[in-house]
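Written below as C-alpha cells is the structure these notes are about.
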Amino acid sequence: MPERPSITETVSWLRDRDYYAGQIVDHRTLPGQSASKSSLDMLPVVNAALNRRGIDQLYDHQVRAIEAVRSGENTVIATPTASGKSLTYLIPALERAVEQNEKTLYIAPYRALINDQAKTFQEYADDLGFDIDVGVGVQTGRTDKSERKKLKREKQPDIVLTTIDQIHLSVAPYGNSSQNWKWLFHQLGTVVIDEVHMNRGHFGSHTSLVFRRLNRLCERLNADPSYICCSATIGNPVEHAATVTDQPPESFTLIDEDASLSGDEHWLLWNPPLKSDDEPGRERSIENEPEGPQGVDEEAPDRNNAEAPATPDTNNRRPKPRAIPHRDSVQGGERRSHHQESIHLFTDLVQRGYQTLVFTRSRQGAAQYAEQSDRLLRGRNHEELAESVHAYHGALDNGPRVELEEALRNGDARGVWSTEAMELGVDIGTLDVVILDGYPGTRMSTFQRAGRAGRGDDDSLVILVGGDDPLDQYVMRDPDQLFDGGVESAMVNPKNEAILPDHVVCAADDWWLEPDDKAHFGEAFPSIVRRLKEEGRLQPVDERDPILWDTDEDSPQMNTDIRGIRGQQITLRDRLSNDRLGELQYQSAMRDAHPGALYTHQKRTYEVVDFDLAAGEARLESNQTQAYTEAITDKEVIVEETIERGTLDWNGIDVQKTLATVTVTERVESYLYHNSPQDDSPVERSIDDPLPPSEYMTTGITLEFPEPLQTAVRKRATDSEGWGNALHAVEHAMISLFPREVLCDRADIGGLSIERHSQTTGGTVFIHDGFEGGAGYCRAAFESLHSLLEETQALVTQCNCASGCPSCIHSPHCGNANRYLDKQLGEVLLTASPEEVET
C-alpha cells in the first residue's frame with residue numbers, strides 16, 4: 001500500500017498540477033474536535049459487552065440520548081454520520097430485553113442497513129454471556145417462508161429488525177394473530193426508526209400512514225412503546241419525527257449536539273472547466289454517461305419526471321419552431337463531464353495511498369465509472385490497485401455486499417464508487433477521502449455523505465465536483481450558502497387524500513375501524529369512511545351495529561404500493577420475442593414510450609410500434625439507429641381551491657403569490673425526431689392517435705408577475721414571444737433551485753409558465769408537487785418564495801453563458817425540449833425595478 005501523504009500536501013499537489021489548473025474554486029477547512037465523554041451506569045452484562053470492545057465511556061450525546069430513552073421519552077438523535085447513534089438504541093434495547101422482558105422493533109428503509117444492524121445487535125447479544133439469551137430476528141422481503149414462520153412462532157426474538165414495507169405488508173395485517181405477531185405487540189417497549197429523514201415526500205407520506213396503523217394496533221393490544229428516531233441533520237428533526245410517527249412534538253427530546261472525536265475536514269469545491277475544442281494533455285471524455293435514478297433496495301419510488309411546462313400561450317398555439325441547441329453541443333456555460341473529473345481525481349488519490357469513496361447518481365454509473373477507473377489504473381501499471389476498486393449499490397446480493405463492506409473496514413478495498421446506498425449508516429469503518437460526483441441536491445445529503453471520511457482525529461478530504469446542473473453551479477458560485485446556510489426541512493403529508501383512503505381500507509383489514517380512529521387518520525376520516533362504504537370497499541362488521549367497519553377486499557395492503565406512484569403501470573415488451581423489457585408508470589410511459597418513440601434499453605434502441613392502453617402494454621421493436629426522440633408535453637393547470645394568498649415585494653414591485661389545490665393535466669400529442677445525436681434541427685412529428693391525458697390533483701404555487709414587468713420585458717424583446725420565453729426561463733431556474741428549500745429532487749416538482757390564464761392576473765408561473773395529493777413541498781416553500789426568487793436571480797444573472805445553458809435555465813425534464821426560453825429576458829424580469837419600468 002502506498003505511503004499516505006498528509007491531506008495538506010495532497011491539496012497543494014492537486015492545486016499545482018497543470019491538468020487540474022483553475023478547477024479548485026473554494027478550499028476551506030472545517031476544524032475537528034476532541035471527544036467529550038462521560039460515564040453511564042448500565043446493566044453489568046451490557047457494560048461487560050461494551051468493555052469487550054474497549055468502550056468504557058460514552059460520548060456525552062449518547063449518554064443524554066440513553067437517559068431520555070430510559071425515562072420513557074420519545075427521542076430524536078440528529079447527529080452526523082459516524083457519531084455513534086447506534087449505541088443510543090442498542091444499549092436500551094439490550095437492557096429492556098434483559099431486565100423487563102420488553103421487545104424492540106427496529107425499522108429501517110433498506111435491507112442492507114437491516115442486515116448490517118442485525119449483525120451488530122447479534123454480536124452484542126452474544127457477548128452478554130451464556131446465561132443471558134437475547135434473541136435477534138430479521139424479516140425483510142428476502143426472508144423465506146419457513147424462516148418467517150420460525151421467527152414468529154418459535155423464536156419470538158427480543159429484537160426484531162424489519163423494513164417499513166414489511167410493517168405494511170406482513171406485520172400490521174397480522175398483528176392481532178396469535179400465530180403471527182400478537183406476541184410482539186404484547187411485549188413491545190421500543191420502536192426504533194433509523195434514518196427517519198429518508199421517510200419524506202410521497203414515500204414518507206405513505207410511511208406516516210403505516211405508522212398510524214401501527215399505533216392503532218399498539219392501542220388495541222395495550223402496548224405503549226417509546227420511539228427512538230435517528231436522523232441526519234435536517235432543519236426540522238422533531239417536527240418531522242412527530243409527523244411520521246403521529247406522536248406529539250412535545251413528547252420528543254432532541255439530541256443534536258455531537259460530542260464525538262473528529263479531525264480537520266478539508267473541503268475542495270471543484271468546478272470542471274468550460275468545454276472547448278482545444279484540450280491538450282487531457283484524456284477523452286467518458287461516453288454514454290448514465291443519469292438514471294439512484295440505487296435503491298426495497299423497491300424505492302420511480303421518479304416521474306413531473307416538470308413539463310406547456311407553451312406560454314393560453315390557446316395552446318405553439319410558436320413557430322426555432323433552432324434547438326442539442327444537449328451535447330458546446331454552450332457558454334456548459335462544462336466538461338463531472339464524471340470524467342471525478343474518475344481522474346479518484347484514480348490519483350487512490351494511487352497516492354488514500355482509501356477513497358465516490359458517490360455518484362446511478363447504479364449503472366457506479367459500475368461503469370469503477371470499470372473506467374480500473375482501466376486507468378492498469379494503464380498506469382497499478383494492477384494491484386485496480387483490483388481493489390469496486391462498485392457498491394443497493395441491488396448487490398447480500399454476499400458480495402457484505403464482502404465489500406468488510407474489505408472497506410479492513411482496508412483491502414482501496415476505492416469504491418457508490419450510489420446513495422452507502423450514505424446510510426451501514427458500518428464500513430472510516431475513509432480518507434470522499435468525492436461527491438455532482439452536488440447531491442441537498443445540504444443534508446452533502447454533509448451526510450461527507451461524514452464517511454475521517455479516521456479518529458486524522459484529517460480527511462472531501463471534494464465536491466460540480467456538474468453543469470443549475471443547482472451545482474449555484475453552489476460553486478456561492479460556497480458560503482452551502483457551509484453557512486440552513487439545512488433543508490423534510491416534508492410528509494399524511495393528509496394526502498389520494499393515498500389516505502387506501503390506508504383506511506388497509507387499517508380495516510388490520511383490525512376493524514371505529515369512530516375513534518379519527519384520532520389516527522384526521523378530520524377527513526368520517527367522510528372517507530362514508531365514501532368507502534358507498535364504493536363498497538367497507539362494510540359494517542354487524543348490520544345491526546353499523547359503528548364498526550371491516551373490508552372484504554383481498555389483501556388491500558398488496559394493492560397499496562407505498563414506494564410507487566399511484567396510477568396504471570405500463571409493461572414494455574419486445575414485440576418479436578415477447579420479452580419483458582421493463583415497466584413504467586403511465587405518466588412516464590406517456591412521455592418516454594408513446595407511439596413512435598425511440599426507447600433505449602440495455603444499450604439497445606427500440607421503436608414503440610404499438611401502445612395498447614387496455615392491456616397495459618407498449619410493444620417495441622429493435623431499431624438500429626442513432627436517432628432519438630423527445631416528447632412534447634402540453635400541460636394545463638387549473639386552480640381548484642385557494643389555501644393561502646400573499647404579496648411579495650420584488651424590487652419594489654408587488655408580485656402576488658398563492659398556495660392552492662390545483663388539477664394538473666398533461667398530454668403528449670407530438671414529439672421531436674432527431675436523426676442523430678448531432679442533429680440540432682429536429683422535425684416535429686404528430687402522434688396520429690394520442691394517448692389519453694394524465695390528470696392528477698396536487699398542491700401548487702402561483703406567482704403572478706404584473707403588467708409593469710411585462711412592459712419592461714417587451715421593451716427588450718425582439719418578437720412577440722419574449723414575455724412567455726422570459727417566464728419559461730424563470731420557471732425552469734426556480735424549479736432547479738427548489739431542493740434548496742425542502743428535501744426533494746428536482747423531478748419531484750412540476751411547473752408551467754403562461755402569459756395569460758383565466759384564473760390569474762398577468763404572466764404566471766405555476767410550480768406544483770409532482771404527486772397525486774401533494775407531498776408537502778410547495779406548502780413548505782410558500783413562505784420562503786422571496787428567498788427562492790433571490791437565489792433564482794443570482795443563478796441566472798451570474799451564469800456566464802449568453803443565451804441559456806444546462807447551468808442556468810435548461811431542464812432535463814422540460815416538456816418543450818428546452819425551446820421557447822430566453823435567458824436575457826428572464827434576467828430583465830428578475831431585475832427590473834420601478835424606475836426602469838417607467839423609463
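Throughout, residue positions are numbered sequentially from 1 according to the sequence presented.
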Side chain to side chain contact (heavy atoms under 4.5 Å, CB included) between S342 and T360: does it pass, once the steps are laid out? CA-CA 9 Å; S342 296; T360 194; over 6 Å; no
Quick one, V462 with L30, criterion side chain to side chain contact (heavy atoms under 4.5 Å, CB included). Give me CA distance, side-chain angles, the key distance, then yes/no. CA-CA 11 Å; V462 180; L30 305 185; over 6 Å; no
Side chain to side chain contact (heavy atoms under 4.5 Å, CB included) between L703 and W650, intermediate numbers included: CA-CA 11 Å; L703 284 173; W650 184 246; over 6 Å; no
H339 vs Q372, side chain to side chain contact (heavy atoms under 4.5 Å, CB included): CA-CA, chis, key distance, verdict: CA-CA 10 Å; H339 305 307; Q372 293 282 348; over 6 Å; no
Dump the intermediate steps for side chain to side chain donor-acceptor pair (under 3.5 Å) on S445 and E423, then the final yes or no. CA-CA 8 Å; S445 286; E423 177 182 327; 3.3 Å; yes
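Once rounded to the nearest 0.5 Å, the distance linking CZ of R746 with CD1 of I735 reads 8.5 Å. Atom-to-atom distance recorded for F738:CZ and C778:SG is 4.5 Å, nearest 0.5 angstrom. For the atom pair OH of Y369 and OG1 of T347, the computed distance is 14.5 Å after rounding to the nearest 0.5 Å. Residue L789 holds its CG atom at 8.5 Å from CG of L829, rounded to the nearest 0.5 Å. Rounding to the nearest 0.5 Å places CG of N271 at 9.0 Å from CG of L464. Taken to the nearest 0.5 Å, the OH atom of Y392 stands 4.5 Å off from the CE atom of M422.
Using a 3.5 Å distance cut-off with no hydrogens or angles, the side chains of T10 and Y354 do pair a donor with an acceptor. Judged purely by distance below 3.5 Å, without hydrogens or angles, the side chains of D60 and S36 pair a donor atom with an acceptor atom. A side-chain donor-acceptor contact under 3.5 Å links T81 and Q448.
Across all non-hydrogen atoms, the minimal contact from S260 to D258 is OG-OD1, 2.7 Å. Taking all atoms of both residues into account, the shortest heavy-atom contact from V730 to T792 is O-CG2, 4.2 Å. Across all non-hydrogen atoms, the minimal contact from F252 to C229 is CE2-SG, 4.2 Å. Looking at every heavy atom in both residues, Q117 comes nearest to S86 through OE1-CB, 3.8 Å. A65 and I77 get closest at one heavy-atom pair: CB-CG1, 3.8 Å. Of all non-hydrogen atoms in E488 and P739, the two that sit nearest each other are CG-O, 3.5 Å.
Judged by distance alone, the side chain of D26 and the main-chain N or O of M476 form no donor-acceptor pair under 3.5 Å. Checked by atom type and distance alone, the side chain of N199 never pairs as donor or acceptor with a backbone atom of S208 at under 3.5 Å. E644 places no side-chain N or O within donor-acceptor distance of the main-chain N or O of L659, the cut-off being under 3.5 Å. With hydrogens and angles disregarded, a donor-acceptor distance shorter than 3.5 Å links the side chain of K85 to the backbone of P80. Side chain of Q473 to main chain of G467: a donor-acceptor pair is present (N/O by atom type, distance under 3.5 Å, no hydrogens or angles). Side-chain N or O atoms of H240 include none that pairs as donor or acceptor with a backbone N or O of V492 at under 3.5 Å. Without hydrogens or angle criteria, K823 side chain to I809 main chain gives no donor-acceptor distance under 3.5 Å. Distance alone, capped at 3.5 Å, is enough to place a donor-acceptor pair between the H61 side chain and the A259 backbone. A distance-only check finds no donor-acceptor pair linking the side chain of E791 to the backbone of L737 [under 3.5 Å]. Judged purely by atom type and a 3.5 angstrom limit, R200 has no side-chain atom pairing as donor or acceptor with the backbone of S489.
Here the side chains of E420 and R449 are in contact, with some heavy-atom distance below 4.5 Å. A heavy-atom distance below 4.5 Å is found between the side chains of C744 and I749. Side-chain contact between N800 and L274 is present, with heavy atoms from C-beta onward closer than 4.5 Å. With contacts defined as side-chain heavy-atom distances shorter than 4.5 Å, the pair S807/C801 does not qualify. Using a 4.5 Å heavy-atom threshold, the side chains of Q481 and R740 count as touching. Using a 4.5 Å cut-off on side-chain heavy atoms (C-beta onward), Y227 and V196 make no contact. Put simply, the side chain of M198 reaches to within 4.5 Å of the side chain of L424, judged on heavy atoms. Using a 4.5 Å cut-off on side-chain heavy atoms (C-beta onward), V69 and T88 make no contact.
Applying the ring pair (Phe, Tyr, Trp, His ring centres under 6.0 Å) test to pairs two or more places apart or on separate chains, those with a residue in residues 430-474 are W267-F447. Screening residues 458-467 for side chain to side chain donor-acceptor pair (under 3.5 Å) gives H266-D459 as the qualifying pairs, with residues at least two apart or on separate chains.
Electrostatic pairing of R28 and D480 counts as a salt bridge here, judged by a charged N lying under 4.0 Å from a carboxylate O.
For D18, the CG atom counts as loosely surrounded, since its 6.0 Å shell holds 12 or fewer non-hydrogen atoms of other residues, nucleotides or ligands. In the displayed structure, E73 atom CD is contacted under 6.0 Å by more than 12 heavy atoms of other residues, nucleotides or ligands.
Between W13 and Y20, the ring planes lie perpendicular to each other; the angle is over 60°, past the 30° to 60° tilted range. Aromatic ring orientation, H728 versus H732: perpendicular (interplanar angle above 60°, classes split at 30° and 60°).
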